[in-house]
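See structure below.
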Amino acid sequence: YTSYNINNKLWITEGNKLSKIFTIKIDENAKLPSIENLCFDFGYDKGACDEIVTFSDWKFEVVEDGRDEDKYSVTAEYTDGKDGASWVGIYDYGETVTLSVTASAKEGNIAYQWYSYEYSEEPSDAKEISGATSSSYTVPNDGELDKYFFCRATNESNTDYYDETNPVHVKFTMIKEYGSDTINTSTRFYSKYTYYITGTLNINSSLSIDEGTVIKFSGEGGLNIQNDGGIIAYGFEEYPIYFTSYRDNSVGCTIPNTSGSPEAGDWKGLKISGASEFDNCIFEYAGSSSDLAPLNLETKTTVNYCTFRYNKSHEQNPLGALNITGNADGSVITRNVFYGNDIPLSCPAFITLGTTNVFHKDDEANNKPYILLLDDDITKYALLCITEIPYLANGNLIAKANLSVNSDVVVKFKQNCGVYVYPENGGDLAYSGDCYFTSVKDDAHGGDTNGDGSLTQPAAGDWKGIYNDKSGCWLSGENIFYASN
């Protein structure tokens with residue numbers, strides 16, 4: 001109340017609210033005011049005295065301090081035990097989260113107002129939530145959220161009296177996490193989630209992945225598609241499917257406590273042993289395992305319109321960002337883009353690659369721009385047809401079937417490697433005069449394949465040569481360079 005003394009009268013003003021009982025607190029050492037009358041002004045007519053009580057009408061009663069005020073006091077608490085200050089609710093996208101409070105006072109009606117503030121803000125930054133004026137509030141779940149919420153319960157009979165619940169931390173991460181688990185039933189990954197794989201996730205059934213889905217992997221993360229499993233991952237050009245690092249904050253939800261600076265080799269990769277198809281997918285920052293490529297095909301697979309970028313290859317077991325094993329013969333590999341990788345692609349010579357694959361983007365190529373030919377016997381027709389970058393043989397090419405090399409193709413060899421043709425086993429070598437067989441050090445044909453600039457120069461004896469087992473002769477010709485024989 002507001003009080004003031006005018007003309008030896010004590011005026012008590014209560015604004016626009018009329019009350020029948022007034023409690024005047026007097027300090028135990030204070031003297032009663034030497035005034036004639038006590039006047040009450042309820043604000044109806046400024047300056048007019050609505051009621052005058054003489055001292056003879058006063059009734060004095062010693063009461064416990066604040067007892068009359070306690071009737072307006074409000075107590076509010078959550079109905080479901082969320083009052084602990086450290087309470088955190090973490091929910092998946094789409095879940096319904098309703099916060100409810102109960103409030104009470106000895107006298108008066110309770111009005112409710114919910115407030116919120118961001119995780120990075122202070123409680124003093126809290127703002128009213130428009131329309132949130134009931135004892136319960138359903139938190140909108142329409143995206144990623146990380147906020148505190150609390151409710152203020154106010155006594156409408158005296159708004160000076162209210163109580164606030166402890167702020168509760170509600171978080172919609174939209175992150176689904178898998179460790180070293182096994183999925184045995186048909187499963188679908190939705191684009192509204194970010195999937196976080198922290199171990200090897202074994203897929204023993206069908207896994208379909210929606211366009212626009214982001215799948216992130218920790219350093220130990222990877223996918224193992226087993227024989228009875230398979231992935232159908234169809235993205236769109238504008239909504240690709242990402243297989244990426246847990247530190248990549250440019251797509252999907254941010255994994256807590258990550259730097260936002262992904263690097264090649266941040267996670268293992270995918271091993272595909274069950275029939276799978278990839279279309280408009282992006283594979284990036286993988287290659288932490290020395291025995292697993294970022295995308296390792298162990299069975300016939302379709303890979304179209306995909307991008308492979310910034311993937312690592314281990315020196316002790318070099319593999320391409322896309323590694324196609326001999327068991328994956330018949331795979332369809334077309335219209336893919338490779339750039340920024342250590343080695344873009346590795347496969348046996350008998351894996352036929354579509355000429356629509358591109359090994360650069362704008363001015364960015366691969367760190368080791370070649371197709372690595374794995375050390376497998378050629379027991380079925382093999383066609384080397386990529387001309388943008390050379391092929392590099394990782395060992396001897398043993399031709400026990402037809403090996404054809406198209407025009408403008410460059411095939412390079414390391415020391416002690418060569419081509420061995422076995423006609424009695426069905427082997428044959430067919431090539432045009434416009435293709436080249438040469439040393440890995442030969443920068444004039446196919447570019448700087450060993451990546452040392454002009455530090456090393458090609459020379460005769462850098463590789464074995466081409467040997468025909470039936471004739472017992474080493475081939476020679478104007479398109480064979482720097483061979484020993």
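This one's a predicted model, so the numbers in the text were calculated from it and none came from an experiment.
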For K441 and Q457, which heavy atoms make the closest approach, and how far apart are they? CD-O, 3.8 Å
I'd like to know if the side chain of N479 and the backbone of S432 have a donor-acceptor N/O pair within less than 3.5 Å. yes
Backbone N/O of Y119 and side chain of D146: donor-acceptor pair under 3.5 Å: no
Rounded distance [0.5 Å steps], OH in Y72 versus OG in S157: 6.5 Å
Side chains of W267 and I197: does their closest heavy-atom pair fall under 4.5 Å? no
Testing N224, N323, T325, T301 for side-chain hydrogen bond (donor to acceptor under 3.5 Å, both in side chains) with N296, which one passes? N323
Run the side-chain contact (heavy atoms from CB on, under 4.5 Å) check on D266 and F217 step by step: do they pass? CA-CA 8 Å; D266 271 353; F217 300 83; over 6 Å; no
Look at the side chain of D125 and the backbone N and O of E122, then say whether any donor-acceptor pair between them is shorter than 3.5 Å. yes
So, K71 side chain and G108 main chain: donor-acceptor pair closer than 3.5 Å or not? no
Working to the nearest 0.5 angstrom, can you tell me the gap between Y370 OH and N450 CG? 9.0 Å
Side chains of T387 and V409, heavy atoms from C-beta outward: is any pair under 4.5 Å? yes
Does any non-hydrogen side-chain atom of I225 lie less than 4.5 Å from one of L270? no
So which heavy atom on G222 is nearest to which on K268, and how close? CA-CB, 4.5 Å
Are R335 and E237 close enough for a salt bridge, meaning some N to O gap below 4.0 Å? no
For side-chain contact (heavy atoms from CB on, under 4.5 Å), just list the numbers for F359 and I371, CA-CA rounded to whole Å, side-chain angles, deciding distance to a tenth of an Å, and then say yes or no. CA-CA 10 Å; F359 296 89; I371 296 171; 4.0 Å; yes
Can you confirm whether more than 12 heavy atoms, excluding those of Y112, are under 6.0 Å from its OH atom? yes
Walk me through whether N227 and S273 qualify under side-chain contact (heavy atoms from CB on, under 4.5 Å). CA-CA 5 Å; N227 293 337; S273 299; 3.4 Å; yes
So, N311 side chain and A286 main chain: donor-acceptor pair closer than 3.5 Å or not? yes
When you look at S186 and S206, which way does the side chain to side chain donor-acceptor pair (under 3.5 Å) test go after all the steps? CA-CA 5 Å; S186 296; S206 63; 3.0 Å; yes
Min side-chain heavy-atom separation I351-L374 under 4.5 Å: no
Enclosure of Y381 OH (heavy-atom neighbours >12, cutoff 6.0 Å): yes
Whether D442 side chain and V440 backbone form a donor-acceptor pair below 3.5 Å: no
Side-chain (T334) to main-chain (N304) donor-acceptor, under 3.5 angstrom: no
Please step through side chain to side chain donor-acceptor pair (under 3.5 Å) for the pair T75 and S104, ending with a clear verdict. CA-CA 6 Å; T75 301; S104 60; 5.0 Å; no
More than 12 heavy atoms of other groups within 6.0 Å of E164 CD: yes
Donor-acceptor contact below 3.5 Å, side chain S276 vs main chain I231: yes
Can you give me the closest heavy-atom contact between S218 and Y246, atom names plus distance? CA-CD2, 3.5 Å
Where does the angle between the aromatic ring planes of F308 and F338 fall among parallel (under 30°), tilted (30 to 60°) and perpendicular (over 60°)? parallel
Is there a side-chain contact (heavy atoms from CB on, under 4.5 Å) between D248 and T258? Walk through the geometry before answering. CA-CA 8 Å; D248 182 4; T258 53; over 6 Å; no
What orientation do Y178 and Y195 show, parallel under 30°, tilted 30 to 60°, or perpendicular over 60°? parallel
Taking every heavy atom of A399 against every heavy atom of D428, the minimum-distance pair comes out as CB-O, 4.4 Å
Angle between ring planes, Y115 versus F150, binned at 30° and 60°: parallel, tilted or perpendicular? parallel
Taking the side chain from D434 and the backbone from S407, do they hold a donor-acceptor pair closer than 3.5 Å? no
Looking at side-chain heavy atoms only, is the closest gap between L383 and N406 below 4.5 Å? yes
Would you say that E364 contacts Y310 through its side chain, given a criterion of any heavy-atom pair below 4.5 Å between the two side chains? yes
Smallest heavy-atom separation, C306 atom then N336 atom, equals N-OD1, 2.8 Å
Using modelled atom types only, decide if a donor and an acceptor are shared between the side chain of K368 and the backbone of G320 within a distance under 3.5 Å. no
Is the OH atom of Y162 crowded by more than 12 outside heavy atoms at less than 6.0 Å? no
Are Y148 and E121 side-chain neighbours, meaning at least one heavy-atom pair lies under 4.5 Å? no
Do Y391 and V405 touch side chain to side chain, with heavy atoms closer than 4.5 Å? no
